[in-house]
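Take a look at the structure set out below.
What you are looking at is a predicted structure, and each value in this text was computed from that prediction instead of being measured.
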Amino acid sequence: MCAAGVELFFFPSAVLFPDWAYKPAWSPPGSRQVHLWHFLLELLGRGEGGAITWGSEWGEFVIRDPERLAKLWGERKGKPHMNYDKLSRALRYYYNKRILHKTKGKRFTYKFNFSKLVLVNYPSLPTCPQV
DNA sequence: GCCGGAACAA
DNA sequence: TTGTTCCGGC
């Protein structure tokens, strides 16, 4: 079974993203770098509130309060001057990495590529030819 | 708003 | 290597 198979096996039509999927497989003692996609899944998983929510499609999410989300992200990273312009630039770098892509036409709306996230989080899993 | 190049930090 | 900062362009 490859990673995409694992994804299909463990992902039914659930509303929330499973806990194991966004928890780092290994815990670096002390200095763990919190990645943006991990932070977003944290808030989405908690149903944090107005800042960000799941969208209509599977893996799609909508940023309801961009500047508030940016402030939360800035607090997490110790970057007091973070704003949505800079946060969204980081999101755009995910396009080529195939972690995210934009839902065109929908404002503040992006979509996760979950199978890619599984590969990033669990590199020990066998890879698929065309993930 | 959204895109992506460029310089830079960690 | 993952963002952060800045920015011209559409």
Could you check how far [atom1] of [X] sits from [atom2] of [N], rounded to whole Å?
X	N	atom1	atom2	value
A/Y94	C/dT4	OH	C1'	13 Å
A/Y84	C/dT4	OH	P	14 Å
A/H81	B/dA9	NE2	C1'	15 Å
A/N83	C/dT5	CG	C1'	9 Å
A/F108	B/dC2	CZ	C1'	10 Å
A/K86	B/dG5	NZ	C1'	17 Å
A/Y95	C/dT2	OH	C1'	16 Å
A/L87	C/dT4	CG	P	7 Å

Between A/D85 and A/M82, name the one whose nearest nucleotide on DNA chain C is closer to the 5' end.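 Its nucleotide being nearer the 5' end, the pick is A/M82.
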Options C/dG3, C/dT2, B/dC3, nucleotide nearest the side-chain atoms of A/K102: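 Closest of the options to the side chain of A/K102: B/dC3.
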Taking the minimum atom-to-atom distance to the side chain of A/W37, which one of C/dG3, C/dT5, B/dC2 wins?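 Nearest nucleotide to the side chain: C/dG3.
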Sidechain N-carboxylate O distance under 4.0 Å for A/E42, A/R76: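 Result for this pair is yes, salt bridge flagged.
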So what does [X] hit on the nucleic acid, given a heavy-atom distance under 4.0 Å: a base, only sugar-phosphate, or nothing?
X	answer
A/K77	sugar-phosphate
A/R107	sugar-phosphate
A/K79	sugar-phosphate
A/F39	nothing

Calculate, to the nearest 0.5 Å, the distance between atoms [atom1] and [atom2] belonging to [X] and [Y] respectively.
X	Y	atom1	atom2	value
A/T109	A/R64	OG1	CZ	9.0 Å
A/K102	A/K111	NZ	NZ	12.5 Å
A/L36	A/W73	CG	CH2	4.5 Å

If you compare every side-chain N and O of A/W73 against the phosphate oxygens of C/dG3 (OP1, OP2), does one of them come in below 4.0 Å?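 For A/W73, the contact criterion (side-chain N or O under 4.0 Å from OP1 or OP2 of C/dG3) is not met.
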Below 4.0 angstrom from OP1 or OP2 of B/dC2, is there any side-chain N or O of A/K104?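 No, no such contact exists.
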Do we get A/R98 above A/Y94's six-membered ring, with its NZ or CZ under 6.0 Å from the centre and within 45° of the axis?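 Ring-cation test returns no.
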Any donor-acceptor N/O pair under 3.5 Å between B/dG4 base and A/R92 side chain: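 For A/R92, whose side chain was compared with the base of B/dG4, there is a donor-acceptor pair (under 3.5 Å).
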